[in-house]
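These notes are about the structure you will find just below.
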Amino acid sequence: MSDKMPNMDYDADEVIENFKAKFKWPGKDEVEVVVKPPKLGLKLVLTALITVVAAGVLYYAMFPALNFKTADIYTFVIAIIAVFMAVFSLVIGARRMVERKEYARKQSRIPIIIVAVIVLVMLVGWLTGATIFRARSYAQLMTVEDSNFTEDFESINYDEVPRLDAATAKVLADQQLGQLDEYKSQYVVSPESTQINYKGSPVRVAYLNYADVFRWLSNTKNGLPAYMLIDLVSQKVQVVNCVDKFGEGIKYSPSELFNEKLLRHLRFQYPFAIMDVPNFEIDDDAHPYWITPVIDKTIGLFGGRDVKGVIITDALNGKSDYYDIETVRTDKKLNWIDVVYTQNLVTEQYNYHGKLSNGFWNSIFFQKDVSVVSDGCGNIALDDDVWVYTGVTSNESDTSNFGFILCNQRTKETRYYKNGGATENSAKTSATDAVQNYGYQAIFPILLDIEGQPTYFMSLYGDSYTVKGYALVNLDDKTIVGTGLLDVAKSDAKALNAAVENYIDALKDKGKVDKTANADEYKVDENAEQQTVVDDAENTEPAEDKTAKVEGEITDIKTSVNDGNTVYYLQVNGKYYFIKVTDAMDVLLLKKGDKVEITFDSADGNFIPAKTVTKK
């Protein structure tokens with residue numbers, strides 16, 4: 001028997017770990033073998049089909065412009081690539097098998113490279129349009145001409161300018177809608193409204209929204225039945241019933257869902273157009289339309305927004321027509337359109353002009369001749385167009401303006417006036433201070449010419465947002481104020497006259513005008529009945545129905561597919577009348593020899609668009 005003891009100098013845990021390591025399955029970080037999934041071709045087809053379906057759903061929800069000058073299309077493509085990668089990983093079982101996950105990871109290199117290229121293109125596109133490199137191009141987006149205040153404003157009478165702004169007009173519209181039982185529980189007034197000239201008078205038009213999704217379900221078949229028309233001078237509001245007036249409601253609007261949602265409807269009609277926010281307007285017959293500016297990015301890939309055209313959409317039936325911007329500016333038939341350039345676009349382009357005319361670095365450091373618009377915008381009617389009014393101030397100052405601009409919202413003609421003085425907000429403060437005992441507030445002011453003095457005119461309103469009086473504040477000296485209150489004067493005309501009389505007296509006291517200045521030249525007739533265009537819009541008879549019809553036997557039938565729509569061409573009495581299947585499903589059942597009645601608007605040419613087709 002050996003007297004030697006066995007060697008016990010070892011670590012039991014280490015022995016056990018070494019033993020386990022011989023039989024342990026490698027971890028996911030230790031896998032080196034990449035296994036190609038079986039039936040890979042079938043799985044790729046399945047992945048592609050699922051991705052196409054997801055892309056369709058995503059496009060329907062996002063409806064991006066298929067235009068490389070908008071970031072939305074790049075976001076959309078990146079989202080589709082992400083969906084493809086996620087679906088492919090699931091289809092090959094990458095979550096369950098480590099070797100399949102490694103295969104998916106290696107195959108994802110190409111999609112990741114594509115995404116990286118897309119991001120790089122976006123970055124380069126943004127850099128090529130950055131203001132630091134393209135300051136002169138941005139400054140030239142808007143052309144500004146000096147103009148004479150007295151000459152341009154002498155035709156504007158203070159008793160014909162808007163006395164309501166967007167906020168007060170909406171409150172009055174809400175009150176009017178609430179008085180009508182057939183509307184008040186189903187619809188609400190849209191917060192968005194458009195100021196236009198309607199038959200020579202400033203008005204605001206606002207469409208309705210469904211009160212909630214359940215009201216939408218109940219009413220969407222017939223569309224929105226009416227819109228609101230607010231006379232900004234008489235302050236009278238009318239609900240214009242489109243069903244009674246035109247025979248149908250507003251079928252296409254932002255408040256719809258699905259295919260009738262306005263921007264989605266326009267996207268399917270114009271898939272490549274970059275569209276700005278649509279404006280709701282009416283023509284001289286009070287017919288409602290959507291005016292949608294089409295935008296071009298003129299600097300780099302994403303910079304230099306400007307309008308290149310307009311889409312005019314019939315709000316009742318959704319038919320649209322595109323016109324380039326020069327046609328809109330010059331064609332007299334389109335003069336009823338008032339808002340093509342929005343206030344946001346106007347102020348954006350002027351700020352580029354005011355800040356960057358002397359270069360980018362000057363706008364940062366030296367700021368020589370740098371100017372920006374002041375806080376807030378108003379609208380006035382001039383030359384039968386609607387113009388944006390806003391003051392111009394320095395980049396650092398908010399206490400005074402050294403001029404102001406007018407910009408035509410249809411043509412973008414921009415005029416600059418070197419008349420400096422109080423800012424609009426300062427003028428509002430002076431007006432409210434003058435009636436502080438009443439607690440009234442002032443709307444955004446409008447500049448007028450009274451006795452050769454640039455003068456802010458504004459309405460005063462109380463807690464109910466109804467007009468309680470008027471105020472006039474001198475641009476050069478905001479301490480010169482004239483007010484007229486309905487509580488004192490007892491009528492709207494008398495309040496206006498009191499305001500102008502008090503204002504001219506204040507001008508005389510400060511030596512701004514000659515003592516012979518006479519307020520009677522500006523006073524309105526206190527006994528005259530106030531004219532309004534609101535009743536005219538509601539009472540106008542519907543346009544004469546010019547629909548014609550033809551009856552006869554179908555001698556030939558042809559079909560075609562246009563923009564995804566199947567169109568039937570029916571030959572009757574030697575001419576072809578065509579109509580989409582979606583507009584008249586019964587045409588699917590027609591055959592040669594059938595007798596039909598077809599209605600249409602115009603019989604010009606050999607191919608005539610039909611409105612209805614009825615089998616006799």
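Here, residue 1 is the first one in the sequence, and each next residue gets the next number.
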Contacts of type ring pair (Phe, Tyr, Trp, His ring centres under 6.0 Å), residue Phe280, not counting sequence neighbours | Tyr207, Tyr227, Trp290
Could you note down all residue pairs passing salt bridge (Lys or Arg N to Asp or Glu O under 4.0 Å) where residues 131-142 supplies at least one of them, sequence neighbours left out?
-> none
Note: Ser320 and Leu266 closest approach over all heavy atoms is OG-CD2, 3.7 Å
For Tyr138, the ring pair (Phe, Tyr, Trp, His ring centres under 6.0 Å) test, sequence neighbours excluded, returns Tyr352
Do the side chain of Gln269 and the main chain of Gly318 share a donor and acceptor less than 3.5 angstrom apart?
-> yes
Can you see which heavy atom on Arg410 is nearest to which on Arg329, and at what distance?
-> NH1-O, 3.1 Å
Given the options Tyr60, Trp216, Phe268, Phe258 meets ring pair (Phe, Tyr, Trp, His ring centres under 6.0 Å) only with Trp216
Can any side-chain N or O of Asn358 pair as donor or acceptor with the backbone N or O of Lys368 at less than 3.5 Å?
-> yes
So, the side chain of Glu260 versus the backbone of Tyr252: is there a donor-acceptor pair under 3.5 Å, distance only?
-> no
Report the residues that fulfil ring pair (Phe, Tyr, Trp, His ring centres under 6.0 Å) with Tyr461, sequence neighbours left out, ordered by chain and then residue number.
-> Tyr465
With under 30° as parallel and over 60° as perpendicular, where do the rings of Phe153 and Tyr417 fit, or are they tilted in between?
-> perpendicular
Scanning both residues in full, the closest heavy-atom pair of Ser363 with Val370 reads CA-CG2, 4.0 Å
Drop me the distance from Asn408's CG to Asp384's CG, to the nearest 0.5 angstrom.
-> 10.0 Å
For residues 68-80, dump all side-chain donor-acceptor pairs below 3.5 Å to protein atoms at least two apart in sequence or in another chain.
residue : atom : partner : partner atom : Å
Lys69   : NZ   : Asp296  : OD1          : 3.2
Lys69   : NZ   : Lys297  : O            : 3.1
Thr70   : OG1  : Asp72   : N            : 3.4
Tyr74   : OH   : Phe68   : O            : 2.8
Thr75   : OG1  : Ala71   : O            : 3.1

Are any of the side-chain nitrogens in Lys333 or Asp321 under 4.0 Å away from the carboxylate oxygens of its partner?
-> no
Residues in side chain to side chain donor-acceptor pair (under 3.5 Å) contact with His287, at least two apart in sequence or another chain | Asp314
For the pair Lys428 and Asp375, evaluate salt bridge (charged side-chain N to carboxylate O under 4.0 Å, His left out) and give the outcome as yes or no after the intermediate values.
-> CA-CA 12 Å; Lys428 288 171 64 175; Asp375 187 17; over 6 Å; no
Whether Thr168 side chain and Asp165 backbone form a donor-acceptor pair below 3.5 Å = yes
Mark yes when over 12 heavy atoms from residues, nucleotides or ligands other than Ile110 sit less than 6.0 Å from its CD1; otherwise mark no.
-> no
Would you call Arg305 and Leu141 a side-chain contact if the rule is heavy atoms closer than 4.5 Å?
-> no
